[in-house]
Asker: 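The structure that follows is given in the form of structure tokens.
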Amino acid sequence: MAETNDAADKKVLNFLEEIIENDLANGTHKSILTRFPPEPNGYLHIGHAKSICLNFGLAKKYGGKTNLRFDDTNPVKEDTEYVDSIMEDVRWLGFEWASVHYASDYFDQLYEWAKVLIKKGLAYVDDQSLEEIRKNRGTVTVPGTDSPYRNRSVEENLDLFERMKNGEFPDGSKVLRAKIDMAHPNMQFRDPIMYRILHAEHHRTGNKWNIYPMYDYAHGQSDSIENITHSICTLEFDIHRPLYDWFIQQLGIFPSHQYEFARLNINYTVMSKRKLLQLVKEGHVSGWDDPRMPTICGFRRRGYTPEAIRNFCERIGVAKRDNIIDYSLLEFSLREHLNMIAPRMMAVLNPVKVVITNYPEGQVEMLTAINNPEDESAGTRQVPFSRELYIERDDFMENPPKKYFRLAPGQEVRLRYAYFITCQEVIKDADGNITEIHCTYDPATRGGDAPDGRKVKGTIHWVSAQHAIGAEVRLFDRLFKVPAPDDVEEGHSFLENLNPDSLKVLTDCKLEPALADVKPMDRMQFERLGYFCMDKDSTPEHLVFNRTCTLKDSWAKING
RNA sequence: UGUCCUAUGGUGUAACGGUAGCACAUCUGACUCUGGAUCAGCUUGUCUAGGUUCGAAUCCUGGUAGGACAACCA
């Protein structure tokens, strides 16, 4: 018995949790402090969400804290616009940081430490040009060669470095380099650049600095200053870790440690900031928050919930091997949550008129509909029914295949929460398009059940024509038509893989009147169609809804 | 041809020398006033060759495959 419980309680830990539990157990750390360190040069995407959930989630799980730190060491690319959006997105995801920091807060300290390294003979000012430095770095298989300025005296280095700071030299004329080993097999150790001259205005420090630290020199020391215990980043920094440790060790400061995990990839999408920026700049999407974008703000506008994204990040796991997650896992997490919380409504996207020929003209009755079968507390609502209705064009077929359960000549179906109707006649225009479907209803089936116990195979949704409100509905599909949009032949662009049908705008949709009351960002299910939310473009005069995702549709599968 | 990382069903992820499990996807079936949801079930896997061991997905060696590193980006 106890054994079964142990087995059931046995925690499945990922490798980061194991490291943390070990550190806590053996006293390496009393508590943990993580950090989320975005560069404020773009909008956060779902890949960042993984990192956010990891850093904040791990700290939360083990009773620690998380700092938000903007890695703002490159003033030419960064902007406060991004700082604001990043904070908004992190909060929307449901996380709160212990404190906000900026790498730029540490510029003075970093400068002092650079002088320490110079004095220890571990850093020097190099006058080589960008091209020379590049050339002399060698290649992965060929050792680099020492700079002719490599053996300047400490005094000269100190003097030059201070004058760099004071702005005496033009951009690109000098850099400060760590003096390590130009023949090192790890390229990161071939005298990495610590500072470059940049006469650029910084979004926080203004014009105070003429030199700015590079990532490798700034990041580890920033972690150390904040006493970060576990500095969690993606795999591509793995090769930087020895250098991360080197700076900390030479400076003799708090030993933060870096751990790397594999970044998130999802099929049918791209995740690089550069490509996302290109999609926005070239107008392939309407902006960073286009509902087809894998950005946090894109998902938000699309109607995703923070819970869904968090659950997704939980489910994908953490490891060090490259991975490509099925888009369907994201949608599963989404539907799982939306199914629980989204009120059900009826909306007809592609309307065709139905006339109930034996229903009294001018009569209107209110029928009771359940708001959410998964949540009794959501209650019920009244939906008006009348002689003329709209139903989905797809819910009628003149010559249906065998397993078609919906409306067809002579076939009886249930109108959701209303009556059974039977199709008697199809009215067409001169071109053969169906304009009206004439049906009869069975008054005894009011509410949707037949007293005689007879069953119908199909139930379809509907909207009373005279009560319907019009709306625009935007149907989104995957932005790319192939699983690996990045995977293109030489000379081709990922843009060629864009799905031309990723957005379909429907302008003649008919909604049940209750939808007039919803507000932008409100989420709901349109029965049988999918989950939707009101878009921010929506106005009382012109309602706009986004389709967040479809319902699972086993008919579509059968039908091909 | 250097250094480092990684390799478990279709996709992810567990198993920490002792029965290869879970989730998504797929397929079956049940149920259903959403062809939704729910429930039940099936199929599919340890890259390869050696070695250590009573026993290897796990440890060791070689191979193979994939990825990262040669910005004054992060």
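To find a chain, count down the sequence lines: A is the first, B the second, and so on, and within it residues start at 1. Keep in mind it's a predicted model, so treat the numbers as computed, not measured.
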Asker: What stems show up for RNA chain B when you take Watson-Crick pairs (N1-N3 plus N6-O4 or O6-N4) and G-U wobbles (N1-O2, O6-N3), both under 3.5 Å, and require three or more consecutive pairs?
Answerer: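 When the pairs of RNA chain B are grouped into runs of at least three, the stems are B:2-7 with B:64-69, B:10-13 with B:21-24, B:27-30 with B:38-41, B:47-51 with B:59-63.
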Asker: Base, sugar-phosphate or nothing for A:S333? Non-hydrogen atoms, less than 4.0 Å.
Answerer: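 Answer is nothing: A:S333 stays at 4.0 Å or more from every strand.
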Asker: From B:rC5, B:rA74, B:rU34, pick the nucleotide closest to the side chain of A:L551?
Answerer: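 Nearest listed nucleotide: B:rU34.
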Asker: Heavy atoms from C-beta onward define the side chain here; which of B:rG35, B:rU3, B:rC73 lies closest to that of A:N186?
Answerer: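 Among the listed nucleotides, the one closest to the side chain of A:N186 is B:rU3.
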Asker: Pick the P atom in B:rG45 and in B:rA20, then give their distance to the nearest Å.
Answerer: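 13 Å, rounded to whole Å.
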Asker: Do the side-chain N or O atoms of A:K552 get closer than 4.0 angstrom to the phosphate oxygens (OP1, OP2) of B:rA37?
Answerer: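 Answer yes for this pair, as a side-chain N or O of A:K552 is under 4.0 Å from OP1 or OP2.
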Asker: Does A:R134 have a side-chain nitrogen or oxygen under 4.0 Å from the phosphate oxygens OP1 or OP2 of B:rA70?
Answerer: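 For A:R134, the contact criterion (side-chain N or O under 4.0 Å from OP1 or OP2 of B:rA70) is not met.
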Asker: More 5' along RNA chain B: A:G458 or A:D127, using each one's nearest nucleotide?
Answerer: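 On the 5' side of the pair lies A:G458.
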Asker: Please give the distance between the C1' atoms of B:rA49 and B:rA56 as a whole number of Å.
Answerer: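 Nearest-Å result for B:rA49 against B:rA56 at atom C1': 15 Å.
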Asker: Ignoring the backbone of A:P185, work out which of B:rA70, B:rA25, B:rG2 is nearest its side chain.
Answerer: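 In terms of side-chain proximity for A:P185, the closest of B:rA70, B:rA25, B:rG2 is B:rG2.
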Asker: Within the structure, does a side-chain N or O atom of A:K457 lie under 4.0 Å from either OP1 or OP2 of B:rU32?
Answerer: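 Looking at the OP1 and OP2 atoms of B:rU32, neither is under 4.0 Å from any side-chain N or O of A:K457.
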Asker: If the P atom of B:rG21 is compared with that of B:rU26, how far apart are they to the nearest Å?
Answerer: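 Each nucleotide's P atom is 22 Å from the other's.
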Asker: May I have the distance from A:F189 (atom CZ) to B:rG2 (atom C1'), rounded to whole angstrom?
Answerer: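 Roughly 15 Å, once rounded to whole Å.
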Asker: Rounded to whole angstroms, how far apart are CZ on A:F261 and P on B:rU6?
Answerer: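 Spelled out: CZ on A:F261 to P on B:rU6 is 15 Å.
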Asker: How far, in whole Å, is B:rC31 from B:rA40 if one measures between their C1' atoms?
Answerer: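 The answer is 11 Å between these two C1' atoms.
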Asker: Rounding to an integer number of angstrom, what distance separates B:rU6 and B:rG63 when you compare their C1' atoms?
Answerer: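 Result for the C1' pair: 16 Å, nearest Å.
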Asker: Using atom CD of A:E374 as one end and atom P of B:rU38 as the other, report the distance to the nearest whole Å.
Answerer: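 Rounding to the nearest Å, CD of A:E374 and P of B:rU38 are 7 Å apart.
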Asker: What nucleotide among B:rU34, B:rU1, B:rA25 has an atom nearest to a side-chain atom of A:S328?
Answerer: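 Closest of the options to the side chain of A:S328: B:rA25.
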Asker: Just call it for A:R414: base, sugar-phosphate, or nothing, with non-hydrogen atoms closer than 4.0 Å on any strand.
Answerer: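 Counting heavy atoms under 4.0 Å across all strands, the contact made by A:R414 includes a base.
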Asker: Base, sugar-phosphate, or nothing: which does A:N267 touch, judged by heavy atoms less than 4.0 Å apart?
Answerer: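 Touches nothing.
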Asker: Of the nucleotides B:rA71, B:rC73, B:rA70, which one has an atom closest to the side chain of A:V140?
Answerer: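 Side chain of A:V140 sits closest to B:rA70.
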Asker: From the options B:rA25, B:rG35, B:rA74, select the nucleotide whose nearest atom is closest to the side chain of A:R196.
Answerer: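 Of the candidates, B:rA74 comes closest.
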Asker: Write down the distance separating the C1' atoms in B:rC24 and B:rG17, rounded off to the nearest Å.
Answerer: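 These two C1' atoms come out 31 Å apart once rounded.
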Asker: Within the structure, does a side-chain N or O atom of A:T141 lie under 4.0 Å from either OP1 or OP2 of B:rA70?
Answerer: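 Negative; the distance criterion is not met.
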Asker: Between B:rU11 and B:rG18, how far is it from one P atom to the other, in whole Å?
Answerer: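 27 Å, rounded to whole Å.
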Asker: Any base atoms under 4.0 Å from A:P373, or only sugar-phosphate, or nothing? Heavy atoms, all strands.
Answerer: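 If one applies the 4.0 Å heavy-atom cut-off, A:P373 turns out to touch a base.
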Asker: Give me the distance, rounded to whole Å, that separates B:rU58 from B:rU3 when you measure between the C1' atoms they each carry.
Answerer: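 So the two C1' atoms sit 26 Å from each other.
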Asker: Grab the N/O contacts between the protein and nucleotides 11-13 of chain B below 3.5 Å, and write none if there aren't any.
Answerer:
from   : atom 1 : to     : atom 2 : distance (Å)
B:rU11 : O3'    : A:I324 : O      : 3.0
B:rU11 : O2'    : A:I324 : O      : 2.8
B:rG12 : OP1    : A:I324 : N      : 2.7
B:rG12 : OP1    : A:I324 : O      : 3.4
B:rG12 : O5'    : A:I324 : O      : 3.3
B:rG12 : O2'    : A:I316 : O      : 2.8
B:rU13 : OP2    : A:R321 : NH1    : 2.9

Asker: Among B:rC73, B:rA74, B:rG35, which is the nearest nucleotide to the side chain of A:K77?
Answerer: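 Side chain of A:K77 sits closest to B:rC73.
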Asker: If each of A:E39 and A:R416 is mapped to the nucleotide of RNA chain B with the nearest heavy atom, which maps nearer the 5' terminus, i.e. the 5' end?
Answerer: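 On the 5' side of the pair lies A:R416.
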